Amino acid sequence: ADPAATMQKMYDTSVTGKLRKLGAFPDEVPSKQEGKSAQKLSKDKKEKKDKKKAKHSGVGGGGFFGGDDDKPEVKAGDKEADEDEEDAPKDEPKAKGKAKAKPKAESAMVRKIREELEAKKALEEERHQFEAEQKRLIDEEERRIKEEEDAEEAERTRKREARLAKIAKAKADGTFQTKAEKERKARA
């Protein structure tokens, strides 16, 4: 069996299990019709569109700041309106630097997206750690195999050198015989 394929399969099952827990890989894909009828779904969509239209219908083309919709119209001869404007407190200039605005409450959609991103980051980090560990194990296994091969080669070399030294010594003594010479001597 291929160890790399086995490790990849183990990793895939681990990751998909965690994604299922997070809801990214549901076991069964629910149909759109479950729980609501098609008619009710279309009715909900229409209501959302109507609300959106009502919300944006009052918005005029008053430019970037929305125009002067909140000020009452002043005619040239209307002295009371002029006095009201003068008596009205002017907006105080804001303190230098940024004013501390109250942070908006996080919506459910934003929270869900943030949590999904955090879950993806966590899975990605775990995947990197897993891959690093697998790479370390594979490198260690390759190193061990190489050391064994080197040891076997060293043993073969030692035996070969010992045999060649024995032959050289026999040749020096004049007692060296080839295999054929040994056979002839055994026959005689």
Side-chain angles (χ1 to χ4, degrees), residues 1-53 55-56 59 64 94-172 176 178-179 182:
D2 183 22
T6 305
M7 296 307 289
Q8 182 65 38
K9 188 173 182 182
M10 287 172 38
Y11 169 74
D12 289 342
T13 55
S14 170
V15 169
T16 52
K18 290 180 182 179
L19 287 173
R20 274 199 184 94
K21 286 180 184 176
L22 294 172
F25 281 121
D27 293 332
E28 297 177 15
V29 178
S31 66
K32 289 184 179 181
Q33 301 298 327
E34 238 177 71
K36 290 185 176 182
S37 66
Q39 194 176 30
K40 182 153 178 117
L41 284 174
S42 63
K43 187 177 180 183
D44 289 343
K45 287 181 183 179
K46 284 180 184 178
E47 287 176 1
K48 285 182 182 180
K49 281 185 180 180
D50 291 342
K51 285 182 181 180
K52 202 172 195 179
K53 283 181 184 178
K55 183 177 181 182
H56 293 292
V59 178
F64 185 74
K94 291 188 177 182
K96 289 186 179 179
K98 293 184 179 179
K100 292 184 180 178
K102 188 174 182 181
K104 290 184 179 178
E106 189 175 50
S107 70
M109 182 66 103
V110 172
R111 186 179 332 110
K112 181 181 177 188
I113 291 170
R114 180 182 49 79
E115 289 172 353
E116 287 175 357
L117 286 174
E118 288 173 356
K120 283 181 184 178
K121 284 181 185 177
L123 280 174
E124 190 68 21
E125 179 63 29
E126 187 174 332
R127 185 179 65 83
H128 284 302
Q129 289 175 352
F130 180 82
E131 288 175 353
E133 179 66 18
Q134 293 307 310
K135 186 178 185 314
R136 186 190 64 79
L137 291 173
I138 290 170
D139 290 345
E140 186 177 315
E141 183 69 16
E142 288 173 351
R143 182 189 51 79
R144 186 187 59 78
I145 290 171
K146 187 177 185 306
E147 286 175 357
E148 288 176 0
E149 289 173 352
D150 289 346
E152 289 172 0
E153 181 63 30
E155 182 65 21
R156 281 194 296 268
T157 304
R158 185 188 61 79
K159 286 182 179 179
R160 186 180 311 117
E161 288 176 356
R163 185 175 54 86
L164 290 175
K166 183 179 174 184
I167 291 172
K169 182 180 176 189
K171 282 184 180 179
F176 178 73
T178 63
K179 188 176 182 179
K182 286 180 185 178

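Model, not experiment: these values are computed from the prediction. Along the sequence shown, residues are numbered consecutively beginning with 1.
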Does the salt bridge (Lys or Arg N to Asp or Glu O under 4.0 Å) test come out yes or no for Arg111 and Glu115, once each step is laid out?
CA-CA 6 Å; Arg111 186 179 332 110; Glu115 289 172 353; 5.1 Å; no
How long is the span from the CD atom in Gln8 to the CD atom in Glu131, to the nearest 0.5 Å?
7.5 Å
So Arg158 and Glu155, salt bridge (Lys or Arg N to Asp or Glu O under 4.0 Å) or not? Walk me through it.
CA-CA 5 Å; Arg158 185 188 61 79; Glu155 182 65 21; 2.4 Å; yes
For a side-chain contact (heavy atoms from CB on, under 4.5 Å) check, start with the C-alpha distance between Gln129 and Glu125, then their side-chain angles and the critical distance, and finish with the verdict.
CA-CA 6 Å; Gln129 289 175 352; Glu125 179 63 29; 3.5 Å; yes
Rounded at 0.5 Å granularity, tell me how far NE2 in His128 sits from CD in Glu133.
15.5 Å
With a 4.0 Å cut-off on N to O distance, would you call Lys121 and Glu124 a salt bridge?
no
Determine, step by step, whether Asp139 and Lys135 satisfy the side-chain contact (heavy atoms from CB on, under 4.5 Å) criterion, reporting the C-alpha distance in whole Å, the side-chain angles of both residues, the deciding distance to 0.1 Å, and the verdict.
CA-CA 6 Å; Asp139 290 345; Lys135 186 178 185 314; 3.3 Å; yes
Are the side chains of Glu116 and Lys112 in touch, meaning some heavy atoms are under 4.5 Å apart?
yes
Interatomic spacing from CZ in Arg143 to CZ in Arg136 - rounded to 0.5 Å
10.0 Å
Which distance, rounded to the nearest 0.5 Å, do you find between the CD of Glu152 and the CD of Glu148?
7.0 Å
Can any side-chain N or O of Ser14 pair as donor or acceptor with the backbone N or O of Met10 at less than 3.5 Å?
no
Note: Arg144-Glu141 ion pair, threshold 4.0 Å (strictly below)
yes
Just do the side-chain contact (heavy atoms from CB on, under 4.5 Å) check on Lys166 and Lys169 with the steps written out, would you?
CA-CA 5 Å; Lys166 183 179 174 184; Lys169 182 180 176 189; 5.8 Å; no
Taking NZ, NE, NH1 and NH2 as the nitrogens, is one of them in Lys146 or Glu149 under 4.0 Å from a carboxylate oxygen of the other?
no
